[in-house]
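See below for the structure under consideration.
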Amino acid sequence: MKRRHFIKNVSLTGVGLVAGNAMLNCAENNSEKNENETIMTKTNSKFPIAICTWGFANANAKAGEALSKGVKALDAAIIGVSVEEENLKNTTVGKGGTPDREGNVTLDACVMDSNGDCGAVVCVENITNVALLAKQVMTETPHVILASKGAEEFAYRQGFEKDNLLTEDSKKVWEEWLKSPEYKPLINIENHDTIGMLCLDNDGDIAGACTTSGLSYKMKGRVGDSPIIGSGLFVDNEIGGAVATGMGEEVIKTVGSFLIVELMRSGMSPQKACEEAVHRITNKNDKYKGFQIAYIAINKAGDTGSYSIHKGFTYMRYQNGKNENIHSSYFNKI
Ligand code: GLY
């Protein structure tokens with residue numbers, strides 16, 4: 001699928017939803033409205049909401065604006081994260097991402113919908129919009145995950161265009177790295193990394209997307225948490241959703257995003273649930289001193305939270321037309 005066709009499709013979806021909102025407003029103005037209608041209108045005044053990891057303001061604004069026009073949660077999340085997939089200056093997501101140690105840019109992504117369906121692609125080369133590709137796996141195949149060449153070939157059959165993901169700038173930096181190649185993942189103190197996004201739409205439905213080029217100069221074939229449902233992303237539309245960023249191996253070991261949603265199911269706020277998921281990692285041993293992990297979460301009521309191991313993590317929240325960058329609280333105060 002070409003991106004312009006996708007945008008056209010989601011816009012058409014939006015028309016129906018805008019009509020749906022107009023009907024909600026009519027209910028509000030109707031003097032004979034019953035108690036249930038009143039509660040629904042009040043609840044929905046908080047919506048829509050889009051949140052995403054790090055300071056990806058443009059991506060989050062795009063998702064928030066799409067939601068405000070009535071686009072459903074999953075399509076809005078994909079519209080949002082695709083901004084970073086196409087941003088050549090972003091060296092951790094999509095085109096322009098840092099390659100593996102052999103100079104190949106390989107991308108991972110997943111999506112999860114409000115009805116519990118999900119799709120993922122891992123280790124994909126030559127395709128920029130891998131979150132959209134993950135959605136196509138979800139909707140156009142009987143499978144959840146497609147890997148590597150299989151995912152790439154599927155993409156071409158779906159109409160995606162082949163693209164060289166290694167930019168001249170990324171190539172130069174990789175060539176410098178090759179002069180004294182050290183494979184030592186460091187604490188991520190940059191202001192960007194994986195983009196994970198959660199959207200709560202006008203109907204109160206939650207969905208999310210997560211997309212990354214993974215660890216810089218990773219081993220060939222390495223896959224992190226971002227495309228793993230339950231680790232990099234999890235959504236249960238009855239409860240809420242969570243996404244992760246940072247050292248993927250450690251997120252996978254604790255199935256972080258699923259854990260957060262389950263903690264919210266047991267009554268924790270998104271904030272407390274993110275804190276507990278980080279503590280599951282930091283309680284194990286001192287290794288957390290050498291890497292960063294951060295979570296963001298949203299519940300069905302639209303409350304959001306975030307927590308990271310180290311200082312420096314921020315996330316974006318779009319609500320009521322306002323797109324804010326929020327500094328996360330963190331564990332390691334040293
Ligand atoms: N969280 C991104 C990765 O570890 O690949």
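For the numbers below, each heavy atom of this structure counts, side chains included, while hydrogens, waters and symmetry mates do not. Because the structure is a prediction, the values reported are computed rather than measured. When a ligand or atom number is given, it counts from 1 through the structure's own listing order.
- Residues that satisfy the ring-ring contact (aromatic ring centres under 6.0 Å, His included) test with Tyr307, not counting sequence neighbours, are His279.
- Aromatic pair Tyr315/Phe56: centroids not less than 6.0 angstrom apart.
- Taking the charged nitrogens against the carboxylate oxygens, Lys89 and Asp169 have no contact shorter than 4.0 Å, which rules out a salt bridge.
- Counting only residues at least two apart or in different chains, ring-ring contact (aromatic ring centres under 6.0 Å, His included) contacts with residues 242-273 comprise Phe234-Phe258.
- Using a 4.0 Å cut-off between a side-chain N of Lys or Arg and a carboxylate O of Asp or Glu, Lys95 and Asp163 qualify as a salt bridge.
- Residues meeting the salt bridge (charged side-chain N to carboxylate O under 4.0 Å, His left out) test with Glu176, sequence neighbours left out: Lys179.
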Enumerate the pairs of nitrogen or oxygen atoms, one from ligand 1 and one from the protein, separated by less than 3.5 angstrom; state names and distance to 0.1 Å.
unit_1, atom_1, unit_2, atom_2, d
ligand 1, 1 (N), Thr194, OG1, 3.4
ligand 1, 1 (N), Asp225, OD1, 2.7
ligand 1, 1 (N), Gly246, O, 2.7
ligand 1, 4 (O), Arg222, NH2, 2.9
ligand 1, 4 (O), Asp225, OD1, 3.4
ligand 1, 4 (O), Gly246, O, 3.2
ligand 1, 4 (O), Gly248, N, 2.9
ligand 1, 5 (O), Arg222, NH1, 2.6

